[in-house]
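Computed over heavy atoms, backbone and side chain alike; hydrogens, waters and symmetry mates excluded. Fair warning: this is a prediction, and the values are worked out from it, not measured in the lab.
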Amino acid sequence: ISGDYGVESETLGNLFAASSTLWSFGTNLAETLFDGGARAAAVRETRALYREDVANYRQTVLTAFQGVEDSLAALRILGQQEKVESRAVKSSEEAARLILNQYKAGTVAYTSVVVAEETALANEEALLAIRQNRLTASVNLIEALGGGWNAGELPSRKAIEDPDPLPSPPPDRAR
């Protein structure tokens, strides 16, 4: 409950006359006792936003766990596939070598050699694809774990192409 008292006049001479007196009482009473449910609604809104933030956080954590699990599973499966494909490459290369020897001995046609070499090449390509997928899964695992690297830390193209360059001799300044 509040009250105000004051004076108001258009001319200075009538400022303190009885007709210039102003007063008010209880103008703030309705504002503090009746807010139309605004405070309760603000509390409900804040609680709802909090629950939404918690749900978003939980979803983010679950997504991160899923990414880690997916990457680990991919690495395990691709590792098994790489072992099997490596054996297939060795077998197909051995078969191509044997068929080439048979061709040289004159017992088979050259088309058999071409087919055997094509099979060996296809197996090698499949092995390279599996290795590429393993590297990609490794990068995905690092990313899912929250890791990473800065592109500035990567070696330059020159350092990759010539990893151990010999230092050039100092220029001869005696001339």
Problem set entry | Residue list, side chain to side chain contact (heavy atoms under 4.5 Å, CB included) with Leu121, at least two apart or on another chain | Glu124, Glu125

Exercise. For Val43, which fellow cluster members are found when Ile, Leu, Val, Met, Phe, Trp and Tyr are connected by side-chain heavy-atom distances below 4.5 angstrom, either directly or through intermediates?
Worked result: none

Which side-chain N or O atoms in residues 103-119 pair as donor and acceptor under 3.5 Å with protein atoms at least two apart or in another chain?
| unit_1 | atom_1 | unit_2 | atom_2 | d |
| --- | --- | --- | --- | --- |
| Thr107 | OG1 | Gln102 | O | 3.0 |
| Thr119 | OG1 | Val115 | O | 2.9 |

Problem set entry | Separation of Arg134 CZ from Ser138 OG (nearest 0.5 Å) | 6.5 Å

Seminar exercise, completed: Here the pair of heavy atoms bringing Glu85 nearest to Ala126 is OE2-CB, 3.6 Å

Problem set entry | Residue list, side chain to side chain contact (heavy atoms under 4.5 Å, CB included) with Leu128, at least two apart or on another chain | none

For this session: Considering only Ile, Leu, Val, Met, Phe, Trp and Tyr, and joining two whenever side-chain heavy atoms are under 4.5 Å apart, list the other residues clustered with Ile130.
Result: Leu78

Exercise. Do Arg76 and Leu72 have side chains that get closer than 4.5 Å, going by heavy atoms?
Worked result: no

Seminar exercise, completed: Note: with side-chain heavy atoms under 4.5 Å as the link, the other cluster members for Leu98 come out as none

Exercise. Counting only heavy atoms not in Gln80, do more than 12 fall under 6.0 Å of its CD?
Worked result: yes

Exercise. Roughly how far, to the nearest 0.5 Å, is CG of Leu141 from OG1 of Thr136?
Worked result: 12.5 Å

Seminar exercise, completed: The side chain to side chain donor-acceptor pair (under 3.5 Å) partners of Ser71 (sequence neighbours excluded) come to none

Problem set entry | Residues which pass salt bridge (Lys or Arg N to Asp or Glu O under 4.0 Å) with Arg97, listed by chain and number, not counting sequence neighbours | Glu94

Seminar exercise, completed: Students should find that the hydrophobic cluster of Val84, defined by side-chain heavy atoms under 4.5 Å apart, otherwise consists of none

Seminar exercise, completed: With sequence neighbours left out, the residues meeting side chain to side chain contact (heavy atoms under 4.5 Å, CB included) with Tyr50 are Val54

Identify every side-chain donor-acceptor pair in residues 59-69 under 3.5 Å, counting partners at least two apart or on other chains, and give the distances.
| unit_1 | atom_1 | unit_2 | atom_2 | d |
| --- | --- | --- | --- | --- |
| Gln59 | NE2 | Thr63 | OG1 | 3.4 |
| Thr60 | OG1 | Asn56 | O | 2.9 |
| Thr63 | OG1 | Gln59 | O | 2.8 |

Exercise. CG/Leu135 to CG/Asn140 distance, rounded to the nearest 0.5 angstrom?
Worked result: 11.0 Å

Exercise. In chain order, what residues pass the salt bridge (Lys or Arg N to Asp or Glu O under 4.0 Å) check against Arg131, with sequence neighbours excluded?
Worked result: Glu82

